[in-house]
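Residue numbers start at 1 and run along the sequence shown. What you see is a predicted model; the values in this text were computed from it and never measured.
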Amino acid sequence: MPIHLRFLSRAVKHRGERWREIRRCYSVVSAPPVMPPFDYEPKPYHGLRADEVLEKRKKFLGPSLFHYYQKPLNIVEGKMQYLFDEDGKRYLDAIAGVVTVSCGHCHPDVVNAIMEQTKLLQHTTTIYLHHAIAEYAEALASKMPGDLKVVYFVNSGTEANELAMLMARLYTGNVRMVALRNAYHGGSSGTLGLTALKTWKYNIPQGEIGHVMNPDPYHGVFGSDSVRYAKEVQDHIDYGTAGQVAGFIAETFQGAGGAVELAPGYLKLVYDIVRKAGGVCIADEVQSGFGRIGSHYWGFETQGVVPDIVTMAKGIGNGLPLGAVVTTPEIAHVMSQKIQFNTFGGNPVCSAGGLAVLKVLDKENRQKHCADVGSHLLDRLRYLQQKHEIIGDVRGRGLLVGVELVTDRQMKTPAKAETSIIFEKLKDLGVLMGKGGLHGNVFRIKPPMCFTKEDADFLVDAVDYAMSGI
């Protein structure tokens, strides 16, 4: 036995199960892993084939659209944590429609709620009363801490962040917003200013928005030293503004930036600085909310803070075009100065589906499930990191995980080409993941929240197999 394995064997002498995991990760992978069994048969598909769909996309849809994989997949059906292509091949969905499918693809409770409401009334707006939006707002507000009790429904995370920024400016009377580098808050002309990844930004006026260092424990110049990162925020306000700001916005777990969790204690320090400068604090929970991280229901709770405004989308609707802004009655009151109206926000079908999502997540205890399965997944990935030098960092919580690939662990050089090769191999093995980070070298593992330990084992074994020989 190699010396490093003898050392590990002694270290875990009385931990049989863990030692088996280590041996499994260090073993030579000789055959492709087998996907866990799943008792479901997809319906026969007789529609357009992949090449025909791609041709129509190129002809009729915008050229800015991109697709994964050299030969793009034509996904035609989904069930819980799995997707099926035009030939009925099953794939493990480890990115959940870009962190959007929370309960599972076509979860029967959510589908039934949508169908039953659609049969009665598909659409009306808030100019009339309807029970669905009122019941849903009450249920969503019950999930929030403190005085966060007023809900505005919108259609997406971008729209939610636009509204939050408007609220901050109206309430404070200030204009300047502060956001983090490496952030993604949307693709509209307004939220592009908040976003701080050049790959997503167009060369247009960015508005009164400044960006400070993101407290990234892996890449950040101050490591996990929250005090030094917070001081940089104070310096930005002192030297880069008139001393007053409208607000500060941050994802607790930077999603498109590569599943980066902010350094511990950072938000508590920064919220105090921002509030003293007259600003409000906004938590972007578009990707990290609703129990996905396992340890808490909301990402901001990991930092021991209560924001003034919270934005959410994606998993809120399990695939429905739904988003929300939740704030305090005092801040919400500023919106009554003018007519504030959203045609589709809180529409009966979306409200019925959104309420069903909350009920499913509670009934199936998905937060605890994410904690348990996520812990197992992270353990296995960290063992795999000991085997493959290309894995520079494994990070995240629950079922919000990032695996960063590098060619040099000391320099942390992005393994861009290698990531693309492994990405393709994983697809061929039946695993669909996302990619993130400025250089696209971070695997984003954020599956539907019904993802199991057996799925986690299959995913890690597939990564191990795909990395062999790289």
Side-chain angles (χ1 to χ4, degrees), residues 42-79 81-101 105-106 155-159 161-162 184-193 195 197-204 255-258 286-287 313-314 317-323 344 405 414-448 466:
K43 296 177 178 60
Y45 175 72
H46 305 291
L48 295 175
R49 303 294 292 179
D51 55 348
E52 297 173 295
V53 175
L54 184 59
E55 183 181 352
K56 290 184 184 294
R57 268 180 53 142
K58 290 178 178 178
K59 186 174 182 180
F60 298 111
L61 296 175
S64 59
L65 293 182
F66 66 93
H67 57 75
Y68 278 165
Y69 309 116
Q70 295 174 9
K71 184 179 179 181
L73 293 174
N74 187 21
I75 298 297
V76 300
E77 192 171 344
K79 189 65 177 176
Q81 66 269 43
Y82 296 107
L83 293 170
F84 300 87
D85 69 11
E86 60 191 13
D87 297 316
K89 179 179 177 178
R90 178 162 59 103
Y91 297 86
L92 177 61
D93 182 7
I95 188 58
V98 192
V99 210
T100 298
V101 179
H105 291 283
C106 299
N155 307 297
S156 69
T158 291
E159 197 175 345
N161 286 329
E162 283 273 11
Y184 181 84
H185 296 292
S188 65
S189 58
T191 56
L192 274 177
T195 294
L197 288 159
K198 69 177 183 180
T199 45
W200 296 96
K201 293 170 77 76
Y202 292 95
N203 188 22
I204 61 172
V286 169
Q287 294 197 24
K314 290 188 179 287
N318 201 54
L320 288 167
L322 180 60
F344 297 104
L405 305 188
K416 293 184 282 189
E418 293 85 351
T419 302
S420 296
I421 294 169
I422 296 167
F423 196 64
E424 290 282 345
K425 286 186 173 184
L426 287 170
K427 181 261 294 182
D428 294 338
L429 293 168
V431 177
L432 307 182
M433 292 200 289
K435 290 191 293 184
L438 182 63
H439 304 288
N441 65 311
V442 181
F443 284 140
R444 299 169 67 189
I445 305 173
K446 304 171 184 181

Taking all heavy atoms of [X] and all of [Y], pick out the closest pair and write down the distance.
{"X": "Ala50", "Y": "Pro72", "result": "CB-O, 4.1 Å"}
{"X": "Gly440", "Y": "Lys435", "result": "O-CD, 3.7 Å"}
{"X": "Gly78", "Y": "Cys106", "result": "O-SG, 3.5 Å"}
{"X": "Gly157", "Y": "Val286", "result": "CA-CG2, 3.9 Å"}
{"X": "Ser156", "Y": "Ala313", "result": "C-CB, 3.8 Å"}
{"X": "Ala466", "Y": "Ile422", "result": "CB-CG2, 3.9 Å"}

For this session: Tell me, with the steps shown, if Asn441 and Glu418 meet side-chain contact (heavy atoms from CB on, under 4.5 Å).
Result: CA-CA 8 Å; Asn441 65 311; Glu418 293 85 351; over 6 Å; no

Problem set entry | Tyr68 side chain vs Phe423 backbone, donor-acceptor pair below 3.5 Å |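 No, Tyr68 side chain to Phe423 backbone: no donor-acceptor pair under 3.5 Å.
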
Problem set entry | Gln81 side chain vs Pro447 backbone, donor-acceptor pair below 3.5 Å |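 Between the backbone of Pro447 and the side chain of Gln81 there is no qualifying donor-acceptor contact (under 3.5 Å).
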
Roughly how far apart are [X] [atom1] and [Y] [atom2], rounded to 0.5 Å?
{"X": "Leu426", "Y": "Thr419", "atom1": "CG", "atom2": "OG1", "value": "10.5 Å"}
{"X": "His67", "Y": "Lys58", "atom1": "NE2", "atom2": "NZ", "value": "6.0 Å"}
{"X": "Leu48", "Y": "Glu86", "atom1": "CG", "atom2": "CD", "value": "9.5 Å"}
{"X": "Lys446", "Y": "Ile95", "atom1": "NZ", "atom2": "CD1", "value": "6.0 Å"}
{"X": "Tyr82", "Y": "Glu77", "atom1": "OH", "atom2": "CD", "value": "14.5 Å"}
{"X": "Lys416", "Y": "Leu405", "atom1": "NZ", "atom2": "CG", "value": "13.5 Å"}

Exercise. Do the side chains of Leu197 and Lys201 get nearer than 4.5 Å, heavy atoms only?
Worked result: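 They are not in side-chain contact.
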
Exercise. With sequence neighbours excluded, what pairs up with Leu73 under the side-chain contact (heavy atoms from CB on, under 4.5 Å) test?
Worked result: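 Only Tyr69, Ile75, Tyr91, Lys427, Leu432 meet the side-chain contact (heavy atoms from CB on, under 4.5 Å) criterion with Leu73.
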
For this session: Using the test salt bridge (charged side-chain N to carboxylate O under 4.0 Å, His left out), find all partners of Glu162 that sit at least two apart in sequence or belong to another chain.
Result: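 Applying salt bridge (charged side-chain N to carboxylate O under 4.0 Å, His left out) to Glu162 gives none.
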
Exercise. Hey, is Arg49 close enough to Asp85 for a salt bridge, meaning N to O under 4.0 Å?
Worked result: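 Asp85 and Arg49: not salt-bridged.
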
For this session: Test His185 against Thr195 for side-chain contact (heavy atoms from CB on, under 4.5 Å), laying out the working first.
Result: CA-CA 5 Å; His185 296 292; Thr195 294; 4.3 Å; yes

For this session: If the plane angle is over 60° it's perpendicular, under 30° parallel, otherwise tilted; pick one for Trp200 and Phe66.
Result: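 Correct class here is perpendicular.
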
